[in-house]
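Here's the structure, in structure tokens; my notes come after.
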Amino acid sequence: MSGPLLEFENVSLSFKGVKALSGVSFGVQDGELFAIIGPNGAGKTSAFNCMNGVYKPQEGDIRWKGESILGRRPDRIAELGIARTFQNIELFAHMTVLENLLLGRHIRTDVGWFSGSFWTKKARREELDNRDKVEDIIDLLEIESWRQYPVALLPYGIQKRVELGRAVAMEPELLLLDEPVAGMNLEETEGMARFILDIREELGISIILVEHDMGLVMDIADRILVLDFGTPIAMGVPADVQRDPEVIKAYLGEDVVA
Amino acid sequence: MLSVPLVAQVGGTPLETLITKTIDGLALGAIYALLALGFVIIFKATQVLTFAHGAVSAMGAYLVSYFAITLNIPGRWIPDLPVTLQFTLSAVIAIVVAAGIGMALERVFIRPMIGEPLFSIVMITIGLDIVIRTIVGDYIGQGNTVVTGAPWGFLSQWKIGGVIIQHAQVATIIVAIVTVAVLMWFFKSRIGIAMRATAFDQEAAMAQGISAGRIFSLAWAIGAALAVLGGIFAAVPPRALGVSAGTAFFALRAFPAIVIGGLDSIKGAVVGGFIVGMAEVMAGHYLSSVTALGIGFNTVVPYLVMMAVLLVRPHGLYGTVEIRRV
């Protein structure tokens, strides 16, 4: 196998002395479903924000297919093929489901304003192509009936799916999912797990998942990285991580282990 | 005041006068709407309140004069070019140049300030306003008025019975309608949607691969272009003889329109513009005989309307209730 798709090497990030991440290293392989877990404030979302260029770590390196992406702007990183969803849904609330998904096509559209304005053959072809792709995603995520609704009116679980769809519409190679099942009931969680697996199987997109729902993570992740106060304390397949004394200590406290 | 409309005497019946004044009000409202639109688009996309808008509009109006009269572009290459065409083409060139200047202003003075307190950024725009106004003022000359080369005079008008319709007013209203239509189309286009997305949630927009910097540039280009459109019509008869120091202050009179409509509402800018234009013209005509109010009361009316609206709706007619994000 060639090198990892995305690689963290000894990444440290701090905010005015508060360590958010210290010495985090891992590599995500092509096609892998990699999970990052940890108690609240462990630095999971900070790790995401480093990956997509919102934060710039003070130490270490982040590589995409072997090339450093440190210091690149978020929109440039998105163009490389890294899409993300947010912990608190960040959809464009006034726009419809369709418009939100079409926005995901932004970087896959290279018709300039000129041919766009005059609706040339190329622009038409591209528009049809975009619509096709978006409809496929709508089918995949089973949100057909919500297509024309403004996102703000949709139930929470559906909004989460739309946000996932918007990220998938970018045709990324790597998808960063920040707590995709936060606040969902068991049934919704199982639905979401199915969509995540479908996306990986059918579209061949690698995924990094940050999640609190242990059941979900243990079920679907190939490998897990456990962070505690920004420090990696374990990494491996779910079965190993589950038994790791350090992990149990971080989650349940010293006394249980002692 | 220079901008007191020098519309020719009205000699019709009360109804005819009302129609004449309504058209006048719509035309003035159209100018305010154009100015307000530019301001709102910049505010929505970049969260910056620009006080340089008036200076930019005066600069644009001066550029039209510069191209049309001073440089005689494109008339120097095309003999016997009709005045209307010469003026229109000069206006187009001026708008393009001003859009470029708008982008440059954003890149040089506003972009480095991203993340700094809003107050500091607003102070910068006030500084820009003074600098641009001074430079343009130097070109115009102290107390001078420079004609723009517009094809309209004070008496270019149609008379239908007692109803008087100024050519320039019709042009203003048509240009405003076309501009609003083009903007509506633009906001449905890919780049327009990207701009709306950036205005709504910058971080999420960037995660979609939208370059916030480019959107900021574009917003300032569009804003400057709209400021120039408004500035041109503020500097031609029957509003004024030409570009003068007063042209920059015309945009300030669009401010109540922006506040009435709601700072961050495109629709509000248009509606607010027409409300203010109409109020100003109607007050100018129907209250001018009330001597107790004094001369120029019509220019105060927009602010009175603004205060009345704010008392009832503190965020304007269409403004978002919570603009500031936490």
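Lettering of chains follows the sequences in order, A, B, ..., and the numbering in each one begins at 1.
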Checklist entry - Given that the side chain runs from C-beta out, which part of B:S211 has a heavy atom under 4.5 Å from chain A: side chain, backbone, both or neither? => result both
Item to check | Segment of A:L91 engaging chain B (4.5 angstrom heavy-atom cut-off) | outcome: backbone
Next on the checklist: Applying side chain to side chain contact (heavy atoms under 4.5 Å, CB included) to A:N49 and B:E203, what does each step give before you reach the verdict?
Outcome noted: CA-CA 10 Å; A:N49 284 336; B:E203 195 184 336; 4.1 Å; yes
Checklist entry - Which pairs count as side chain to side chain donor-acceptor pair (under 3.5 Å) when at least one residue sits in residues 37-46 of chain B, sequence neighbours excluded? => result none
Next on the checklist: Around atom CZ of A:F195, are there more than 12 heavy atoms from other residues, nucleotides or ligands closer than 6.0 Å?
Outcome noted: yes
Checklist entry - Which bit of A:A93 comes within less than 4.5 Å of chain B, counting heavy atoms only: side chain, backbone, both or neither? => result both
Checklist outcome for this item: Heavy-atom nearest pair, B:Q208 first then A:G104, reads NE2-CA, 3.7 Å
Item to check | Smallest separation among heavy atoms of A:L103 and B:A194, with atom names | outcome: CD2-CA, 4.1 Å
Next on the checklist: Take a 6.0 Å sphere around CZ of A:R73 and say whether it holds more than 12 heavy atoms from other residues, nucleotides or ligands.
Outcome noted: yes
Next on the checklist: Between A:E99 and B:K188, is the side chain to side chain contact (heavy atoms under 4.5 Å, CB included) condition met? List the steps.
Outcome noted: CA-CA 9 Å; A:E99 283 177 320; B:K188 293 264 173 227; 4.2 Å; yes
Checklist entry - Could you give the distance from CZ (B:R190) to CG (A:L102), rounded to the nearest 0.5 Å? => result 11.0 Å
Item to check | Closest non-hydrogen atom pair between A:A78 and B:A207, with its separation | outcome: CB-O, 3.5 Å
Checklist entry - Should we say atom CZ of A:F15 is surrounded by more than 12 heavy atoms from elsewhere, each under 6.0 Å from it? => result yes
Item to check | Contact winner vs chain B - A:M95, A:E79, A:R105, heavy-atom pairs under 4.5 Å | outcome: A:M95
Checklist outcome for this item: Ranked by heavy-atom pairs below 4.5 Å to chain B, first place among A:N100, A:D75, A:V54 goes to A:D75
Item to check | B:Y66 atom OH: more than 12 heavy-atom contacts under 6.0 Å | outcome: no
Item to check | chain A contact residues among residues 222-231 of chain B, heavy-atom distance under 4.5 Å | outcome: none
